[in-house]
Amino acid sequence: MKVKILYFAGLREQLGSPGEDLEVAPVATVASLRTVLMGRGGVWQTALAQGRALRVAVNQEMAQPTTPIKPGDEVAFFPPVTGG
Amino acid sequence: MPVRIQVQDFDAGAEIAALRARNPKVGAVASFIGVCRDANDGDVVRNMTLEHYPGMTEKALEQIVAEAASRWDVIDVLVVHRVGELRPTDQIVLVAVAGAHRGEAFAACEFIMDYLKTRAPFWKKEETPRGSRWVEARESDDTAAGRWEKRNADAA
């Protein structure tokens with residue numbers, strides 16, 4: 001299935017990518033998509049490692065590791081927010 | 001209850017005057033302005049860049065304002081948040097809450113800022129003499145936002 005992925009702030013710089021349209025084998029949840037991306041190894045593995053404090057939004061709503069992902073969804077990965 | 005993201009500066013006086021003028025039932029306006037400091041974590045800050053997640057930012061702010069309006073009897077709310085390059089002494093954010101009385105306006109204004117700090121997708125990058133760095137989220141901000149959950153639980 002196809003998903004649109006976005007990366008922001010320090011994570012975007014670390015990965016060297018603002019995002020991508022990705023064709024992935026059906027993945028059920030945010031956690032499984034993160035595992036797929038980590039499977040690329042190298043910086044992907046370290047930047048998305050479980051110990052790293054990351055937030056995820058699905059279709060522009062804050063999500064949890066268990067949040068389901070459907071074809072066509074927009075999934076964003078980013079560090080904890082620091083506005084205001 | 002408008003929410004705006006913009007590069008340009010804002011005139012807090014004019015914004016608040018407009019908020020008051022829209023409704024004669026307003027008896028109190030509480031406002032907060034966040035400002036760019038020249039120091040953070042022991043380093044001089046020369047300037048900062050604010051990045052955000054277009055689309056989600058507006059939605060997140062609208063949800064925070066709606067949540068505030070459901071908890072307190074507010075008449076109108078304005079949130080203006082700047083993005084892009086900012087320098088020390090520049091204004092970053094304005095939250096203004098108009099209500100009939102001060103108690104609700106103060107509480108809703110503080111709540112909106114606490115939730116904005118932990119839920120709205122903005123990120124600050126600081127330029128210091130030692131190079132540039134992304135600002136780390138503070139635990140104290142989570143604690144501040146958490147107080148509102150606790151108060152809610154206590155009241156229940």
Side-chain angles (χ1 to χ4, degrees), chain A residues 2-22 29-31 33-34 37 42-84, chain B residues 3 5 32-37 40-41 48-64 79-84 86 91-95 109-110 112-126 131-142 144-145:
Chain A
K2 206 169 259 180
V3 289
K4 181 181 184 182
I5 309 182
L6 299 170
Y7 310 108
F8 287 98
L11 184 65
R12 169 177 54 75
E13 286 186 350
Q14 208 177 348
L15 297 175
S17 165
E20 55 192 308
D21 288 321
L22 194 64
T29 63
V30 163
L33 177 61
R34 186 164 169 174
L37 294 168
V43 70
W44 294 88
Q45 179 133 30
T46 46
L48 298 168
Q50 293 305 330
R52 297 290 300 275
L54 285 183
R55 301 286 181 265
V56 186
V58 175
N59 297 328
Q60 305 188 347
E61 298 272 356
M62 288 301 237
Q64 301 299 320
T66 52
T67 303
I69 296 174
K70 307 177 301 301
D73 278 355
E74 179 175 296
V75 184
F77 292 85
F78 46 79
V81 303
T82 57
Chain B
V3 156
I5 313 296
F32 172 86
I33 296 172
V35 178
C36 181
R37 281 193 311 271
N40 192 29
D41 287 336
M48 69 164 58
T49 307
L50 258 149
E51 176 175 330
H52 76 123
Y53 178 176
M56 180 176 171
T57 318
E58 292 83 350
K59 264 194 212 175
L61 291 175
E62 280 161 12
Q63 283 167 2
I64 292 166
V79 179
V80 183
H81 202 299
R82 296 177 68 193
V83 293
L86 296 171
Q91 305 186 107
I92 303 172
V93 60
L94 168 68
V95 175
C109 185
E110 190 174 16
I112 290 167
M113 266 317 295
D114 285 347
Y115 268 41
L116 183 156
K117 296 283 284 187
T118 53
R119 295 176 185 211
F122 293 99
W123 301 273
K124 287 178 184 143
K125 190 180 193 180
E126 297 172 336
S132 62
R133 64 182 182 201
W134 290 95
V135 174
E136 300 262 340
R138 290 177 200 277
E139 214 171 285
S140 58
D141 287 334
D142 285 329

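Chain letters run A, B, ... following the sequence lines, proteins first and then strands; every chain starts at 1.
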*residues 46-59 of chain A: residues contacting chain B (heavy atom under 4.5 Å, by number)*: Ala57(A), Asn59(A)
*Heavy-atom contacts under 4.5 Å, residues 61-74 of chain A to chain B*: Glu61(A), Met62(A), Glu74(A)
_Those residues that, when tested against Ala9(A), pass side chain to side chain contact (heavy atoms under 4.5 Å, CB included) (two or more places apart)_ = Pro79(A), Glu51(B), Trp123(B), Trp134(B)
*Tell me, please, which residues at least two apart from Asp41(B) pass side chain to side chain contact (heavy atoms under 4.5 Å, CB included).*
Arg133(B), Arg138(B)
_Over 12 non-hydrogen atoms of neighbours within 6.0 angstrom of CD in Glu136(B)_ = no
Let me know if [X] has heavy atoms under 4.5 Å from chain A in its side chain, its backbone, both or neither.
{"X": "Lys124(B)", "result": "both"}
{"X": "Ala60(B)", "result": "neither"}
{"X": "Gln63(B)", "result": "side chain"}

*Between Ala137(B) and Val81(A), what is the shortest heavy-atom contact and its length?*
CB-O, 4.0 Å
*Check whether any side-chain N or O of Lys117(B) sits under 3.5 Å from a backbone N or O of Thr82(A) as a donor-acceptor pair, and report yes or no.*
no
*Can any side-chain N or O of Lys125(B) pair as donor or acceptor with the backbone N or O of Gly10(A) at less than 3.5 Å?*
no
*Spatial distance of atom CE (Met56(B)) from atom CZ (Phe8(A)) [nearest 0.5 Å]*: 9.0 Å
*Under 4.5 Å, counting heavy-atom pairs only, tell me which of Asp142(B), Leu116(B), Val135(B) racks up the most with chain A.*
Val135(B)
